[in-house]
Amino acid sequence: MYLKSSTSLWRTFAFVAVAAGVYFRIVGLGAWPFATDEYYLYRSITFVIESGLPQFPCGGLYARSLIYQYLTVPLLAIGVAPELAVRSIAFLGSIVGLLGMYRLAKQVGGERVALVILCIVSIS
């Protein structure tokens, strides 16, 4: 009986942690200006839109996270604000990562271990 109630308590904690994590990731997602690394990523995405490649005019090719860059192009092309477009792909990736992390942790350590890890990662 104790084991079952403990697991349901961790499920409740995990639900609250995931809800809080999602909420605080969404709030202001596109409100703040770019950090330095986000700016260079955004600029390389604009070069993808212009020429098809993330190549700066000086000749440098920004090959960091190419899939991420090409996934962001359609959002910018339809007029989504740059800050929101760049960060929304990362937001969706973090949600998918939570699901994958939970499944892996459950397989390796059981449901309670997975729920504890889910709580920690969700609020970090």
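In this chain, numbering begins with 1 at the start of the sequence shown. Side chains included, hydrogens not; waters and symmetry mates left out as well; all remaining heavy atoms used.
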| Under the side chain to side chain contact (heavy atoms under 4.5 Å, CB included) test, which residues partner Thr46, sequence neighbours left out? | Tyr42, Arg43
| query | Linking Ile, Leu, Val, Met, Phe, Trp and Tyr through side-chain heavy atoms less than 4.5 Å apart, which residues share a cluster with Leu61? | reply | none
Enumerate, atom names and distances included, each donor-acceptor pair closer than 3.5 Å involving a side-chain atom of residues 72-100, sequence neighbours excluded.
from  : atom 1 : to    : atom 2 : distance (Å)
Thr72 : OG1    : Tyr68 : O      : 2.8
Arg87 : NE     : Glu38 : OE2    : 2.9
Arg87 : NH1    : Leu29 : O      : 3.2
Arg87 : NH1    : Trp32 : O      : 2.8
Arg87 : NH2    : Trp32 : O      : 3.2
Arg87 : NH2    : Pro33 : O      : 2.9
Arg87 : NH2    : Glu38 : OE1    : 2.9
Ser88 : OG     : Leu84 : O      : 3.1
Ser88 : OG     : Ala85 : O      : 3.1
Ser94 : OG     : Phe91 : O      : 2.7

| message | Filter on salt bridge (charged side-chain N to carboxylate O under 4.0 Å, His left out), then keep only pairs touching residues 46-74, sequence neighbours left out; what's left? | response | none
| query | What pairs with Arg25 under side-chain hydrogen bond (donor to acceptor under 3.5 Å, both in side chains), at least two apart in sequence or on another chain? | reply | none
| Of all heavy-atom pairs between Tyr70 and Gly52, which one has the smallest distance, and what is that distance? | OH-O, 2.7 Å
| Does any non-hydrogen side-chain atom of Phe13 lie less than 4.5 Å from one of Leu115? | no
Pair up each side-chain donor or acceptor in residues 116-124 with any protein partner under 3.5 Å, not counting sequence neighbours, and list the distances.
from   : atom 1 : to     : atom 2 : distance (Å)
Ser122 : OG     : Leu118 : O      : 2.7
Ser124 : OG     : Val121 : O      : 3.0

| field | Partners meeting ring pair (Phe, Tyr, Trp, His ring centres under 6.0 Å) with Phe47 (sequence neighbours left out) | value | Phe56
| When clusters are formed from ILVMFWY side-chain contacts under 4.5 Å, directly or step by step, what else is grouped with Phe24? | Tyr23, Val27
| task | Scan for salt bridge (charged side-chain N to carboxylate O under 4.0 Å, His left out) pairs involving residues 10-21, sequence neighbours excluded, and state none if there are none. | result | Arg11-Glu111
| field | Cluster overlap Val18 with Val16, hydrophobic side-chain contacts below 4.5 Å | value | no
| task | Determine, using the 4.5 Å side-chain heavy-atom cutoff (strictly less than), whether Trp10 and Phe15 are members of one ILVMFWY cluster. | result | no
